Amino acid sequence: MISIDKDTLDSLLEKFRNEQQTLLPEVKLKNIFLTEKLRLVAGVDTAYWDAKDKTYGACCIVVIDFITHEVVEKVNSFGVVTIPYIPGFLAFRELPLIMDAVKKLTKQPDIYMFDGNGYLHHRHIGIATHASFYVDKPTIGVAKSYLKIKDVDFTMPDNHVGAYTDILIDNEIYGRTLRTTKSVKPIFISCGNWIDLETSTDIVMRLINKESRLPIPVRMADLETHVVRKKLQETL
DNA sequence: GCGACAG
DNA sequence: ATCTTGTCGC
């Protein structure tokens with residue numbers, strides 16, 4: 001339902017590329033925290049629907065206790081979404097609602113996990129990395145499918161929990177596939193910012209249960225967006 | 001023109 | 001992402 005004329009879209013893309021280029025030098029793939037001290041992990045996801053010739057979005061953030069896996073807090077935001085989905089520019093579509101939700105948090109997460117890529121991006125600024133500069137916390141990218149970069153495919157990991165294969169492009173590790181559940185498609189993990197890939201993988205694996213191949217915070221945020229959307233479709 | 005395409 | 005039921009396999 002989103003329609004933008006070509007010139008407007010082109011100028012937007014130009015602006016988006018510049019912002020990604022500007023942020024790139026600030027990305028640091030080193031931990032700025034101790035895993036042993038992690039307490040609150042946030043999962044972020046967004047759902048969409050069309051109504052009245054407009055596209056709406058609902059963003060949910062679920063904060064989980066890293067040790068007990070208890071839900072510590074849930075917040076959401078919603079509204080009209082005007083930026084279309086463009087592969088490689090997901091952050092520009094989702095960040096507005098994400099930040100509206102972040103502002104409602106009363107607890108401050110130690111780390112955020114996003115539904116999408118981080119460093120595993122043609123310019124290394126996928127949504128997880130991009131969002132880190134706005135939430136000012138370490139982030140991890142967790143994607144359910146692979147967005148091909150420079151025509152490089154990924155190698156399927158072995159069929160056992162914890163198996164992984166790194167995604168090497170131009171002699172650099174962009175991210176990795178990770179088998180979180182046996183006989184289920186792997187997910188794609190990548191650093192967001194201020195964290196390394198080993199730690200990202202470790203944190204994700206420690207938040208997996210038999211309910212889903214996705215880590216608990218992201219899975220719960222995903223489910224929550226569906227609940228919120230249904231409620232809003234009946235109300236609004 | 002055709003295929004690809006995080007969410 | 002979203003539209004959608006049953007069904008094959010571990």
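On a predicted model such as this, the values are computed, not experimentally measured, just so you know. Proteins come first, then strands; the chains are lettered A, B, ... in the order of their sequence lines, and each starts at number 1. No hydrogens, no waters, no symmetry mates; every other heavy atom, side chains included, goes into these values.
- Residues in residues 100-125 of chain A take part in these salt bridge (charged side-chain N to carboxylate O under 4.0 Å, His left out) pairs, two or more places apart or across chains: Asp115(A)-Lys144(A).
- Chaining together hydrophobic side chains whose heavy atoms lie under 4.5 Å apart leaves Leu223(A) on its own.
- Taking Lys148(A) as the reference, Tyr146(A), Asp151(A), Asp153(A) meet the side-chain contact (heavy atoms from CB on, under 4.5 Å) condition, with sequence neighbours excluded.
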For nucleotides 2-7 of chain B, give me every protein contact, N/O to N/O, under 3.5 Å, one pair per line with atom names.
unit_1 : atom_1 : unit_2    : atom_2 : d
dA6(B) : OP2    : Tyr85(A)  : OH     : 3.0
dA6(B) : N7     : Gly88(A)  : N      : 3.1
dA6(B) : N6     : Gly88(A)  : O      : 3.2
dA6(B) : N6     : Phe89(A)  : N      : 3.2
dA6(B) : N6     : Leu90(A)  : N      : 3.1
dA6(B) : N1     : Ile127(A) : N      : 3.1
dA6(B) : N3     : Asn117(A) : N      : 3.0
dG7(B) : OP1    : Lys144(A) : N      : 2.7
dG7(B) : OP2    : Ser145(A) : OG     : 2.8

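- Annotation for Phe92(A): atom CZ counts as buried by contact number, over 12 foreign heavy atoms lying within 6.0 Å.
- Screening His121(A), Glu19(A), Glu94(A), Gln20(A) for a side chain to side chain donor-acceptor pair (under 3.5 Å) involving His130(A) leaves a single residue, Glu19(A).
- Contacts of residues 152-165 of chain A with DNA chain B (heavy atom under 4.0 Å): none.
- For Leu197(A) against Cys191(A), the heavy-atom pair with the smallest separation is N-SG, 3.3 Å.
- In this structure Asp166(A) satisfies the side chain to side chain donor-acceptor pair (under 3.5 Å) test together with Arg176(A), sequence neighbours excluded.
- Aromatic ring pairs are classed by plane angle as parallel below 30°, tilted from 30° to 60° and perpendicular above 60°; the pair Tyr112(A) and Phe114(A) is parallel.
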Inset, instruction - Test side chain to side chain contact (heavy atoms under 4.5 Å, CB included) on Trp194(A) and Phe33(A) and set out the steps. - result: CA-CA 8 Å; Trp194(A) 302 312; Phe33(A) 63 94; 6.0 Å; no
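- Counting only distance, with no hydrogens or angles, the side chain of Asp136(A) and the backbone of Ser132(A) share no donor-acceptor pair below 3.5 Å.
- Residue pairs that meet the salt bridge (charged side-chain N to carboxylate O under 4.0 Å, His left out) test with at least one member in residues 61-85 of chain A, sequence neighbours left out, are Arg39(A)-Asp65(A), Lys74(A)-Glu224(A).
- Taking hydrophobic clusters as Ile, Leu, Val, Met, Phe, Trp and Tyr residues chained together by side-chain heavy-atom distances below 4.5 Å, Ile167(A) does not share a cluster with Leu147(A).
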Inset, instruction - Would you please test Thr129(A) and Leu24(A) for side chain to side chain contact (heavy atoms under 4.5 Å, CB included) and show each step? - result: CA-CA 9 Å; Thr129(A) 306; Leu24(A) 181 56; over 6 Å; no
Inset, instruction - Map every base of DNA chain B to its dot-bracket character, where paired means a Watson-Crick or G-U wobble contact with both distances under 3.5 Å and | marks a partner outside the strand. - result: .......
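- Checking side-chain atoms of Asp158(A) against main-chain N and O of His160(A) turns up no donor-acceptor pair under 3.5 Å.
- Checked by atom type, the side-chain pair Asn193(A)/Thr139(A) shows no donor-acceptor distance below 3.5 Å.
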Legend entry - Intra- and inter-strand pairs of DNA chain C in dot-bracket (Watson-Crick or G-U wobble, both distances under 3.5 Å; | for another strand): ..........
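- Its side chain within the 4.5 Å cluster rule, Ile216(A) clusters with Val62(A), Ile64(A), Val71(A), Met220(A) among the Ile, Leu, Val, Met, Phe, Trp and Tyr residues.
- By the criterion of side-chain heavy atoms lying less than 4.5 angstrom apart, applied directly or through intervening Ile, Leu, Val, Met, Phe, Trp or Tyr residues, Tyr174(A) is not grouped with Met113(A); the two fall into different hydrophobic clusters.
- For residues 208-227 of chain A, proximity to DNA chain B is found at no residue, defined as any non-hydrogen atom under 4.0 angstrom from a strand atom.
- The stretch residues 169-197 of chain A has no heavy atom under 4.0 Å from DNA chain B, so no residue of it qualifies as close.
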